[in-house]
Undergrad: 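One structure, pasted below without further comment.
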Amino acid sequence: MHLLRVVKCGLKLYPDRWAVTGQLPSVQIGNSPIFSHVGLGGRSTSDACSAPEMQLTTHTTPSGFRLPSIHAAHAFFTEQPNPTTQSVFADNWIRLILSYARHRRLFILRVEDAEVAGGDWDEILRNERINRESRSMAACTDVLKNTGTGRVLPSHLTSLISAMVSRNLAYYEPPKQTRSVILLWRLPEEWADVLHSWGTATGQLNTILTLYEITDPPVPSPLSGMPLSLLRRAIAILTRSGRAQLIGVADGEGVRLLAGGK
């Protein structure tokens, strides 16, 4: 069991080893450490804000996705002023977003997903269990100010989106705006291999296919629902390696998959 205890209107976290991200290092906000590697049975030395301990545990969402225990920490949902802290949290958020997107086959993330409840991303961008804990801790106003409540604010999501784009893990779509991205939980090179393997397995090599026939096939495939801009990137990679040929068709764009090698 992993515990979060309010200590002098600060936080002490005993994190688990999340398989995707590894164990969190000790980091701090300002001059006050907020994360400390003490044993799971460790105790705080002072309880100035005497709120009850909150258990930080993994949680399985209704969609079947397993959230890491850090998702139950108030501070995780707030941009931190300390660069070291924020870097650790951003790394965890990016991995979480991409893992969840792959689990749900979500391709698009928008800033408005943090603005309006009820969307595809609520399971990770919000944590109502934290909100309930926050209301019970209302007396510790300084803690709540520093650690936030259980939802990602639009400004925070904007920052995470920018970080993903800078790492080539997403790209802005449409271009010339910063509120919506296509997520690359598979890189374009990987999608190119998926596309060619699908064409081979379904006997459609040397057949002219429209892009919509690829993204909306009669039988669901790994390419179903793929954004056209991402499909074009995959086709461009296949074209450069001699495994595809772009062809104009009556409906717009088509592609012929070829048996060439990589």
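These numbers come from a predicted model, not from an experiment. Just so it is clear, the values below take in all heavy atoms, side chains as well, and ignore hydrogens, waters and symmetry mates.
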Undergrad: Any chance you could measure L257, atom CG, to N206, atom CG, to the nearest 0.5 Å?
TA: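 Reported to 0.5 Å precision, the distance equals 8.5 Å.
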
Undergrad: Please give me the minimum heavy-atom distance between P68 and L96, naming the atom from each residue.
TA: CD-CD1, 4.0 Å

Undergrad: Quick test of your reading: applying salt bridge (Lys or Arg N to Asp or Glu O under 4.0 Å), list the pairs with at least one residue in residues 96-106, sequence neighbours left out, ordered by first then second residue.
TA: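 Checked against salt bridge (Lys or Arg N to Asp or Glu O under 4.0 Å) - neighbours excluded - the pairs reaching residues 96-106 are R104-D120.
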
Undergrad: Below 3.5 Å, can you tabulate the donor-acceptor pairs from side chains in residues 157-167 to any protein atom, sequence neighbours excluded?
TA:
{"from": "T158", "atom 1": "OG1", "to": "P154", "atom 2": "O", "distance (Å)": "2.9"}
{"from": "S159", "atom 1": "OG", "to": "E79", "atom 2": "OE2", "distance (Å)": "3.4"}
{"from": "S166", "atom 1": "OG", "to": "A163", "atom 2": "O", "distance (Å)": "2.7"}
{"from": "R167", "atom 1": "NH1", "to": "D91", "atom 2": "OD1", "distance (Å)": "2.9"}
{"from": "R167", "atom 1": "NH2", "to": "D91", "atom 2": "OD1", "distance (Å)": "3.0"}

Undergrad: To the nearest 0.5 Å, what is the distance between CG on L153 and OG1 on T78?
TA: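 Here the interatomic distance stands at 7.0 Å.
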
Undergrad: Between the main-chain N or O of R110 and the side-chain N or O of D113, is there a donor-acceptor pair closer than 3.5 Å?
TA: yes

Undergrad: The criterion is salt bridge (charged side-chain N to carboxylate O under 4.0 Å, His left out); which residues satisfy it with R256, sequence neighbours excluded?
TA: none

Undergrad: Let's go through F77 and W93 carefully: what are the C-alpha distance in whole Å and the side-chain angles of both, what is the deciding distance for side chain to side chain contact (heavy atoms under 4.5 Å, CB included) to 0.1 Å, and is it a yes or a no?
TA: CA-CA 9 Å; F77 286 83; W93 265 117; 3.9 Å; yes

Undergrad: Strictly by side chain to side chain donor-acceptor pair (under 3.5 Å), give each pair with a member in residues 219-233 just once, sequence neighbours left out.
TA: Y171-S229, R232-E253

Undergrad: Members other than V219 in its cluster, when Ile, Leu, Val, Met, Phe, Trp, Tyr link by side-chain heavy atoms under 4.5 Å?
TA: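 Cluster partners of V219: none, it stands alone.
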
Undergrad: Suppose we screen for side chain to side chain donor-acceptor pair (under 3.5 Å). Which residues come up paired with T202, at least two apart in sequence or across chains?
TA: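 Only Q204 meet the side chain to side chain donor-acceptor pair (under 3.5 Å) criterion with T202.
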
Undergrad: Only one of I235, T200, D193, L205 clears side chain to side chain contact (heavy atoms under 4.5 Å, CB included) with R243; which?
TA: D193

Undergrad: List the steps, then state whether side chain to side chain contact (heavy atoms under 4.5 Å, CB included) holds for F76 with L56.
TA: CA-CA 12 Å; F76 189 51; L56 293 190; over 6 Å; no

Undergrad: Which residues pass the ring pair (Phe, Tyr, Trp, His ring centres under 6.0 Å) test with H103, sequence neighbours left out?
TA: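 Ring pair (Phe, Tyr, Trp, His ring centres under 6.0 Å) list for H103, sorted by chain: F65.
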
Undergrad: Could you state the interatomic distance from CZ (R129) to OG1 (T57), rounded to the nearest 0.5 Å?
TA: 6.0 Å

Undergrad: CG of L125 to CD1 of I97: how many Å apart, nearest 0.5 Å?
TA: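 L125 CG to I97 CD1: 6.5 Å, rounded to 0.5 Å.
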
Undergrad: So which pairs with a foot in residues 176-220 pass ring-ring contact (aromatic ring centres under 6.0 Å, His included), sequence neighbours left out?
TA: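 Of all non-adjacent pairs touching residues 176-220, those that pass ring-ring contact (aromatic ring centres under 6.0 Å, His included) are F107-W185, F107-W191, W185-W191.
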
Undergrad: Does L106 belong to the same Ile/Leu/Val/Met/Phe/Trp/Tyr cluster as L228, with side-chain heavy atoms less than 4.5 Å apart forming each link?
TA: yes

Undergrad: Show the nearest heavy-atom pair for residues L183 and A101, with the distance to one decimal.
TA: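 Where L183 meets A101 most closely, the heavy atoms are CD1-CB, 3.8 Å.
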
Undergrad: Who are the salt bridge (charged side-chain N to carboxylate O under 4.0 Å, His left out) partners of D122, not counting sequence neighbours?
TA: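 Here the qualifying residues are R126.
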
Undergrad: Could you state the interatomic distance from CG (D216) to OG1 (T210), rounded to the nearest 0.5 Å?
TA: 9.5 Å

Undergrad: If you compare all heavy atoms of P222 against all heavy atoms of V194, which two are closest, and at what distance to 0.1 Å?
TA: CB-CG1, 3.8 Å

Undergrad: Using 0.5 Å steps for rounding, measure from the CG atom of L231 to the CG atom of L195.
TA: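 Those atoms lie 6.0 Å apart.
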
Undergrad: Answer whether the closest heavy-atom distance between the side chains of R66 and H71 falls below 4.5 Å.
TA: no

Undergrad: Given side chains that start at C-beta, do those of T178 and V111 come closer than 4.5 Å, heavy atoms only?
TA: no

Undergrad: Taking salt bridge (Lys or Arg N to Asp or Glu O under 4.0 Å) as the cut-off, I'd like each qualifying pair that reaches into residues 170-192, sequence neighbours left out, listed once.
TA: E115-R179

Undergrad: Same hydrophobic cluster for L223 and L184, using side-chain heavy-atom links shorter than 4.5 Å among ILVMFWY?
TA: yes

Undergrad: Could you list the residues that satisfy side chain to side chain donor-acceptor pair (under 3.5 Å) with E123, not counting sequence neighbours?
TA: T61, S63, Y100

Undergrad: Looking only at non-hydrogen atoms, find the nearest pair between W121 and I108 and report the distance.
TA: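 Minimum heavy-atom separation between W121 and I108: NE1-O, 3.2 Å.
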
Undergrad: Going by side chain to side chain donor-acceptor pair (under 3.5 Å), name the residues that satisfy it together with Y172, two or more places apart in sequence or in a different chain.
TA: none

Undergrad: So, for I237 and A192, which heavy atoms are closest and what is the spacing to 0.1 Å?
TA: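 That would be CG2-CB, 3.9 Å.
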
Undergrad: Less than 4.5 Å apart, any side-chain heavy atom of L238 and any of L258?
TA: no

